[in-house]
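Shown next, in structure tokens, is the structure this report addresses.
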Protein chains: 2
Amino acid sequence: MRRTKEDAAKTREEVLTAAAEIFYENGVSGSSLEKIAKRAGVTRGAIYWHFKDKAEVLTALHSEIRLPQEAIVDYAIEHGHDDPLGLIEQGAIEVLQILAEDEHQQRVFAIMILGCEFTEHLTDAAQRIVTANDEMFGKLQKLIEMAHERNTLGPLWTVDAAARGIQCSMNGLLAEWLRSGKSFPLVDVGERLIRGLVGSMRCGDSR
Amino acid sequence: MRRTKEDAAKTREEVLTAAAEIFYENGVSGSSLEKIAKRAGVTRGAIYWHFKDKAEVLTALHSEIRLPQEAIVDYAIEHGHDDPLGLIEQGAIEVLQILAEDEHQQRVFAIMILGCEFTEHLTDAAQRIVTANDEMFGKLQKLIEMAHERNTLGPLWTVDAAARGIQCSMNGLLAEWLRSGKSFPLVDVGERLIRGLVGSMRCGDSR
DNA sequence: ATACAAACATACATGAATGATTGTAAATAT
DNA sequence: ATATTTACAATCATTCATGTATGTTTGTAT
């Protein structure tokens, strides 16, 4: 029964893959470790060997992927700061294109925002999303602050409102897309949405 | 112990209020009927008298409030169709102002979109939200179609993309606001967001 | 006044999920 | 070659929520 280290790592991965599927199908609280184990072709014992409990399985899934929020801003930072608003626009579109192709990321992301319960006293899993969102907001703020300093931010917008607006629209877009079962073209809608929004933030285009 | 009809209706309301609180604090699946009963000052027996099970409590909560999506479109329909885009703008802002004042609606709405799990095979509770969203999308489509026929829809947008864009942005705005613990001014951000978006949809303002 | 039904409370049975414990075969270290 | 640890499987006890069944009190109709 005892396997080599590579085998162990493989079963660990298989458990995570199975967990992503089961979580996606039944929601986190609706998924028992028994179901996950059965799907992965092991027993609960194997899961308890690799992970402390269900929460740790979720955490492991989360740490596997990068949130779109993080990716958008990283793109902007990576590509210089000549035109902050343009960078946000480009970054967002890039991220959407990548995410639209990656089914595993879609599943995990769906679990994070749809199959997980955000309550008043947050679970640590939900807390990570909140934290990532906050960080992303902070970075967005800085980028838009730069646009503001260069007088390229239209009169309709404040720095904070602009950052929130982008954050809300992007998260809402992804949430709706996943919730609707990907019933509309993500990149097409997203591109128009982000162009329209950022366009309205540019000086002279405000109204 | 037996109370009059008014007393019964009162306990029913108290159960629903307690349920909203408990669901909001612990999430739907994390809430037992025992907790709800204790909070309401009754026993589980009382809950089972008024409702079939936990799902029916949730359904009762849902049917109490109107989704913002529904309210926005109804506003537009109610106020004539001279300027469809303007009506959407006004309607959205109206709805935000009302929702920002009503704590109970906020709680129930938070339960619906954050404290509930959207899975692959949806629960009937989640299904209702999806359906309501779809209906709202259809109506939004019609409104924007009218704008399109009057040639007031900018070249950046298609009818479908515009409807999706508004839907995603509004839902995302509310979700972020609630998820962040109402950490930013909803009406202020929302007003700029919807003005910016709708502004970009108007002819001549597209880019 | 009596009979019945409404509006609950109380008690119990059931099942599911969890966490812990124990068993064990194979890999690895010595 | 032996000891030890790894990587699980199998079993078990406990908790916890649910659903149901039954009991009890009080309105209300006749």
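Please read these numbers as outputs of a predicted model, since none were measured by experiment. First the proteins, then the strands, lettered A, B, ... as listed; each starts at 1.
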Tell me whether the OP1 or OP2 atom of [N] has a side-chain N or O from [X] closer than 4.0 Å.
X: B/His50; N: C/dA7; value: no
X: B/Lys5; N: D/dG27; value: no
X: B/Thr4; N: D/dT26; value: no
X: B/Thr11; N: C/dA7; value: no

Counting only side-chain heavy atoms from C-beta out, which of [options] sits nearest to [X]?
X: B/Asp53; options: D/dG19, D/dT18, C/dA7; value: D/dG19
X: A/Ser32; options: C/dT18, C/dC8, D/dA17; value: C/dT18
X: A/Leu33; options: C/dC8, C/dT18, D/dT18; value: C/dT18

Rounded to whole angstroms, how far apart are [atom1] on [X] and [atom2] on [N]?
X: A/Lys35; N: C/dT18; atom1: NZ; atom2: P; result: 10 Å
X: A/Phe51; N: C/dG19; atom1: CZ; atom2: C1'; result: 17 Å
X: A/Glu6; N: D/dC8; atom1: CD; atom2: C1'; result: 16 Å
X: B/Lys52; N: D/dT20; atom1: NZ; atom2: C1'; result: 14 Å
X: A/Glu34; N: D/dT11; atom1: CD; atom2: P; result: 12 Å
X: B/Trp49; N: D/dT20; atom1: CH2; atom2: C1'; result: 14 Å
X: A/Lys38; N: D/dA10; atom1: NZ; atom2: P; result: 12 Å
X: B/Asn26; N: D/dC16; atom1: CG; atom2: C1'; result: 15 Å

Does [X] come within less than 4.0 Å of [Y], counting only side-chain N to carboxylate O?
X: B/Glu145; Y: B/Lys142; result: no
X: B/Glu34; Y: B/Arg39; result: no
X: A/Asp160; Y: A/Arg164; result: no
X: B/Arg195; Y: B/Glu191; result: yes

Exercise. Mind running a 4.0 Å heavy-atom check of residues 39-48 of chain B against DNA chain D and sending the residues that fall below it, in number order?
Key: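 Those residues are B/Arg44, B/Tyr48.
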Quiz prompt | Between A/Ser200 and A/Trp157, a side-chain donor and acceptor under 3.5 Å | solution =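 Yes, side-chain donor-acceptor contact under 3.5 Å.
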Quiz item: Hey, mind stepping through B/Lys35 and B/Glu25 against salt bridge (Lys or Arg N to Asp or Glu O under 4.0 Å) and telling me if it holds?
Solution: CA-CA 11 Å; B/Lys35 278 185 192 169; B/Glu25 290 167 14; over 6 Å; no
Practice problem: For A/Arg202 and A/Asp83, run salt bridge (Lys or Arg N to Asp or Glu O under 4.0 Å): C-alpha distance rounded to whole Å, both residues' side-chain angles, the deciding distance at 0.1 Å, then the answer. | Solution: CA-CA 11 Å; A/Arg202 287 218 169 84; A/Asp83 173 18; 3.6 Å; yes
